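Inspection log for the structure reproduced underneath, given as structure tokens.
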Amino acid sequence: MQLFDSTKHGLLSSLPNSPSIMFSGANFLLNPIFLRGFSGSLHLVLLLALFASLVWKKLKRGDGGEESGERFSNNTVKAKFWSQISQERVDAVTPYANAGPFSILTFYWMNSLIAFGNKKALDLEDVPQLDSLDSVVRRFPAFRNKLESYSGAASRVTTFKLVKALFFSAWKEILRTALLAIIYTSTSYVGPYLIDAFVQCLDGQGEHKNQGYILASTFFVAKLVECISQRHWIFRLQQIGLRLRGVTTTMIYTKGLTLSSKSKQGQTSGEIINIMTVDAERIGDFSWYMHDPWLIILQVGLALLILYENLGLASVAAFVATIVVMLKNYPLGRLQEKFQDKLMESKDKRMRATAENLRNMRILKLQGWEMKFLSKIIELRDVETGWLKKYVYNSAMINSVFWLAPTLVAVATFGACMLIGIPLESGKILSALATFRVLQVPIYNLPDTISMIVQTKISLDRIASFLCLDDLQSDALEKLPIGSSDTTIEITNGNFSWDLSSPSATLKVINLRVFRGMKVAVCGTVGSGKSSLLSCILGELHKVSGTLKLCGRTAYVAQSAWIQSGKIEENILFGKEMERERYERVLEACSLKKDLEILPFGDQTFIGERGINLSGGQKQRIQIARALYQDADIYLFDDPFSAVDAHTGSHLFKEVLLGLLTSKTVIYVTHQVEFLPVADLIFVMKDGKIAQAGKYNDILCSGSDFMELVGSHKAALSALDSKQAGPASENEIVEKENGSRDEIVQKGGNRDSRNGKEDQVAGPKAQLIQEEEREKGSVGFPIYWKYITTAYGGALVPFILSAQILFQILQIGSNYWMALATPASKDVKPVVSGSTLIIVYLLLAIGSSICILVRAMLHATAGYKTATLLFNKMHLCIFRAPMSFFDATPSGRILNRASTDQSAVETRIPYLVGALAFSIIQLLGIFAVMSQAAWQVFIVFIPMIAVCIWYQRYYIASARELSRLIGVCKAPVVQHFSETMLGAATIRSFDQQSRFQETNMKVTDAYSRPKFHIAGAMEWLCFRLDMLSSVTFAFSLAFLVSFPSGFDPAIAGLAVTYGLSLNMLQASVIWNLCDCENRIISVERILQYTSIPSEPPLVVEANRPGCSWPSHGEIDINNLQVRYAPHMPLVLRGLTCTFPGGKKSGIVGRTGSGKSTLMQTLFRIVEPAAGHIMIDGLNISSIGLHDLRSRLSIIPQDPTMFEGTVRSNLDPLEEYTDELIWEALDKCQLGDEVKKKERKLDSTVYENGENWSMGQRQLFCLGRVLLKKSKVLVLDEATASVDTSTDNLIQQTLRQQFSDSTVITIAHRITSVLDSDMVLLLSHVLAIMNIAGLIEEYDSPTRLLEKKSSSFAKLVAEYTIRSSTSSKNSIV
């Protein structure tokens, strides 16, 4: 697709004097005498246009009456009117929808937008909406119906059926463009056919006096028809491509919503994103090429007819030579297919790894792994670059071979003429050469067409394969009418599996019945099948056998919170209308009101990707609020209480499960035994089976599994009792809390007054996620300069230009030779022999072909080298960017640059930049030739060039911004799709698929809007340039016809040939300049990401810590102040404390009090705004980030696993032996589970660790730190997703393995911090005054518990009361 734009716009600026170029443009009319033969033709054309316009208006009135006439007049409105309706433009439909025939014919409907773009930089709201015929909202249902009717079922989609559905969804438009293609091709051959007659006329051998003017008029009319048909052919092809891309993208999105878990594991999100961004885009691009296969036959046939007319039987040799050259395409095409296939495979792998790394960038930075994972991406890129190099070099070889094609055909034809005895005359030679070069267009385009067909075939295969992936089992559950039964959930003899290829089912022999209003608890050890049971009820698992019935609407709260980018309010409403009273009740029940008071914009605060600017507890509570607001019948909670502190968890349980949901059916998974007694029914899971079922007291003594869970919980409570002098009553706690609140606030106030910076540091409020950065105005010369000098400092550029200049000289020389060495007529004796004529011509052609080969190879080298260097630099800057960049930048923006923009830099932009330079060289060469024959035409050329430049400058302001908007509007499509894939289970559980499909259609149309209008703007410009060229060409012909005696006929004929080429090349230079500026925006966008502010250095050589640092692990924090971004308020406000070396310290506090922020500051994920942290007397801000992070260990709040193997997840840096890895697995209770796997340490881990439970993922994180054995260990809610028994084992392991290390534990389970030497309590009460992030208490647990008024004592007492409850009444 390297010559995509120049080829498909009929400019082909890189072809040597192509008659397709020659006959596409023209010169200003120079002499009024021409009007005698031309005016009749011009008036005829104008009368036809007026007649067509009149008929059209009559037809429109028949359909729409006066309204249609009014709409037509609106299309002729002046540009100043746009300023009056700019506020409504976002809802205005494109003027194209109601344009009349003259407006459509001349692209006048684009005037208003282009004029407006010259007044201000266009924004998306300035771009009109698509016509309904172009909108995917209207096109997709018809396409889906056709595909389903052809395939029968989605799983039986084949490439042929997909192509059939695409074709018949736009068959009328395709046939119209076919007709335009025939008209364009036919008229483009008028020039070569008439050249011989025109040369004979110049030689004084015309049949009658006015033959020259008649020929000139014929040329002009043919040019007008050719230009108009070409412009509308190209525009409508783009319009078809827009529609096909839209429906394909929507089909892929719709399929993504229904994929089964097994299918997702086989197709990662990165691969699916590639299918949507690259393959679907290629379907749209192929529309340019869809007519080329049969057009080539038509073009060759017409060329051979012209040759037969001029050279008789010698045309047979031309035909044979053409067939031979075309047959060479087969092996070359097969190579292209292989290289393209491998290139796409390697791109998929690289994009998959990139997407995964971007999702998990926080853990990469916390562990100090970012450079290691970057090196893995570079390795994948090296493989991709290898295939890219083969692809571009093969393309260069193909292009070089086909530059020689016209010469081979010419030599064969002229040789046949000599053998047969056909005399060669200059007129016939010029006509034949012109025909050969017209014939060169289909031959030259053939490899490009084959390459595009191959690429599109691969993309269609990939899309069809994706559409054939297994969906969720449609009959997995039977949905009963709402209210038809008191039994809301019933499973009988159910066996369910995530993977049908697995020998054993995930859930086995499940029998359960849940009645309306029941509260059902599910408990069990890690990996026992608790989450799978909820997924089974939602229909996410494949049903092997049994029955599953559901009666009622469901709402699901996942264990791993899924939050959409957008406002908090939008996340809670989730498509429902706002009911303020219900909304406020939900906020109160979920304890969100205080959080919203703290947030800078309340519930209008924009949440970053995956809820990046919220704490884990806040994300879970928003999830719960979303479920509550839906007012469903059945609620499924997958352990949401583990992510919140004890107080908040207790509040949620009482207000949500036992409050708002008192009449609803609730199934909740929990590891917290204290929530079990209130359940009407408890399921104890073990090895995928329901081991025990019943009420709390009934099953307590009936089996060992539940006894084990309860026993571990009681052991943890006994530890509490030993710490406490005696638990206070609940009333006592409430009274003391109320009584001490003022005291705490007072203490906080004093502390704040000591810091003295509250009012000064808050700063202006601003959203975390800002609008994507977009340059405005012209693309500066530095962008071009950086691009062309990136590879080898630009050293290859002079050689590339020199090869092109030499090629141009040789081409001009060969044409001069053929024109001068042949006689003007039969009566004149040839200057040289026929063999000399052919040999010299052949040598010149071979020389020019060698130049093209050198140029193509150097050009390909520079292009791929530039793409590789820009890739490496951009990715290094991305991976070295601070975490705040990823917090504020949705991954879709980054992935868009890494996929779409990178692909443009690799394959499209090098050839566009080359085409611009080469067309300028050709233009200068033709100026030199023309000056030898008819220098007077420059009187017209110069003003025409001035007008062309004015049009270019007028057009480019709008086109440039539309191109930028295309890049900006594509990111939301990718972003919405990737978010949907992550939250597909949640979306399905709420039955919101249709709403998300509508949103996808809206963002797809938003992306199509600037694409449609830039296509219109491009043809608006080309149409005007073509008209200028056509009129100029007519005047040039008139000049030659009017003064024939002043020229040698052969040189005059050569001048005419070059004059044709000159006119179109002028338009070509302008067009290439515009298109290059539009496309170079991809380079501009990549360069934006090569200048991202970097984190501090990974290593500071002048201040590297010793090998044994930290030896003691003492952490001193002094006046620490932290904010996440300069425009955001402080999160931590003047913390001062010391964590003793070798001791255990716990950090507690309500959700959102700053616990995780403190830990991020310790790892310098967030840099302090003021204050410092010292570890063993060394200021951590003074050393390199890698030196710091590699010496510390952390188990993060969100357990993360990477696609790969068990070994690569535990030891990504490949530092440890298998024996040490097995030892770590045994210590973290995973050894037995891994040993069950067939491949042991090489067992597969799917994307996001989807084939491991949440608890198992946290145990893997524990295994990593056991291997690392750092002196400082941070546990950030490390045991939130495991049961109490496993928690106790983990705590015991940590005590044994890190007995002499500094261990800092952030925990919601009070039992996890009770055996700590020190406890730090961060303020939450002060949050309502916007002064959270302060130390409220810091002492040993024993001392804090001795003070009954301490906040920590209240937390412990609250937890004790909740945990020791054995009945529903006591909790309420």
Side-chain angles (χ1 to χ4, degrees), residues 86-97 110 113 116-117 121-141 143 238-239 241-254 256-257 273 276-277 280-281 283-284 564-567 570 575 606 609 769-774 776 889-893 895-897 899-901 958-980 994-1017 1078 1081-1082 1085:
S86 59
Q87 299 301 319
E88 302 173 7
R89 189 172 289 105
V90 68
D91 297 321
V93 177
T94 176
Y96 175 78
M110 277 300 303
L113 184 61
F116 190 78
L122 292 177
D123 292 311
L124 186 60
E125 58 266 22
D126 301 319
V127 182
Q129 299 287 344
L130 294 173
D131 180 19
S132 62
L133 289 173
D134 294 311
S135 172
V136 72
V137 176
R138 175 168 175 175
R139 310 290 301 192
F140 177 68
F143 168 73
Q238 293 181 82
Q239 193 176 23
L242 201 74
R243 294 174 179 179
L244 297 184
R245 182 197 59 78
V247 296
T248 306
T249 300
T250 307
M251 194 70 205
I252 293 168
Y253 179 90
T254 304
L257 270 175
I273 287 171
M276 174 174 271
T277 57
E281 197 76 37
I283 301 301
Q564 276 188 282
S565 298
K567 297 175 183 176
E570 293 169 351
F606 196 93
E609 190 176 19
I769 307 298
Q770 302 294 320
E771 184 179 346
E772 180 170 4
E773 180 182 355
R774 172 167 69 98
K776 294 193 177 181
T889 306
S891 62
R893 295 181 190 175
L895 292 173
N896 201 14
R897 283 167 171 82
S899 58
T900 307
D901 291 324
S958 300
R960 182 174 48 235
E961 299 309 321
L962 287 169
S963 289
R964 286 174 172 147
L965 284 172
I966 289 171
V968 170
C969 291
K970 187 164 190 176
V973 178
V974 179
Q975 175 70 20
H976 180 67
F977 182 62
S978 59
E979 276 189 348
T980 300
S994 58
R995 183 174 71 87
F996 274 76
Q997 286 172 340
E998 288 173 8
T999 303
N1000 173 69
M1001 291 180 188
K1002 287 178 182 176
V1003 295
T1004 300
D1005 276 348
Y1007 173 50
S1008 297
R1009 280 160 57 195
K1011 284 183 76 74
F1012 174 83
H1013 286 93
I1014 199 173
N1078 289 340
I1081 289 168
S1082 287
R1085 284 163 55 80

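Remember, it's a predicted structure, so these values are computed and weren't measured experimentally.
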At their closest point, which heavy atom of [X] faces which heavy atom of [Y], and how far apart are they?
X: Leu124; Y: Cys969; result: CD1-SG, 3.7 Å
X: Ile1014; Y: Ser963; result: CD1-OG, 2.8 Å
X: Met276; Y: Tyr253; result: CE-CB, 3.9 Å
X: Ala280; Y: Thr248; result: CB-CG2, 4.1 Å
X: Val93; Y: Leu130; result: CG1-O, 3.9 Å
X: Gly246; Y: Thr1004; result: CA-CG2, 4.1 Å

Side-chain heavy atoms of [X] within contact of [Y], under 4.5 Å:
X: Arg1009; Y: Leu965; value: no
X: Thr254; Y: Phe140; value: yes
X: Glu979; Y: Ser565; value: yes
X: Leu122; Y: Leu113; value: yes
X: Asn896; Y: Arg1085; value: yes

>> Could you check whether any side-chain N or O of Arg139 sits under 3.5 Å from a backbone N or O of Leu133, counting only pairs where one atom can act as donor and the other as acceptor?
In response: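 Present.
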>> Whether the side chain of Asp126 engages the backbone of Asp123 through a donor-acceptor N/O pair (distance < 3.5 Å, no angle test) should be reported.
In response: yes
>> Restricting to side chain to side chain contact (heavy atoms under 4.5 Å, CB included), what partner residues turn up for Ser899, sequence neighbours left out?
In response: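 Partners of Ser899 by the side chain to side chain contact (heavy atoms under 4.5 Å, CB included) criterion, ordered by chain and then number, come out as Asn274, Thr277, Met351.
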[atom1]-[atom2] distance between [X] and [Y], expressed to the nearest 0.5 angstrom:
X: Thr980; Y: Gln997; atom1: OG1; atom2: CD; answer: 10.0 Å
X: Asp1005; Y: Lys1011; atom1: CG; atom2: NZ; answer: 13.5 Å
X: Asp131; Y: Phe1012; atom1: CG; atom2: CZ; answer: 7.5 Å

Residues two or more places apart in sequence or in another chain: which of them pass side-chain hydrogen bond (donor to acceptor under 3.5 Å, both in side chains) with [X]?
X: Arg243; answer: Asp134, Glu173
X: Lys970; answer: Glu281, Thr900
X: Ser1008; answer: Arg245
X: Asn1000; answer: none

> Does Phe996 have any ring-ring contact (aromatic ring centres under 6.0 Å, His included) partners at least two apart in sequence or in another chain, and if so, which?
Replying inline: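 Applying ring-ring contact (aromatic ring centres under 6.0 Å, His included) to Phe996 gives Phe574, His976.
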>> I'd like to check the ring-ring contact (aromatic ring centres under 6.0 Å, His included) partners of Tyr1007; sequence neighbours left out, ordered by chain and number.
In response: none
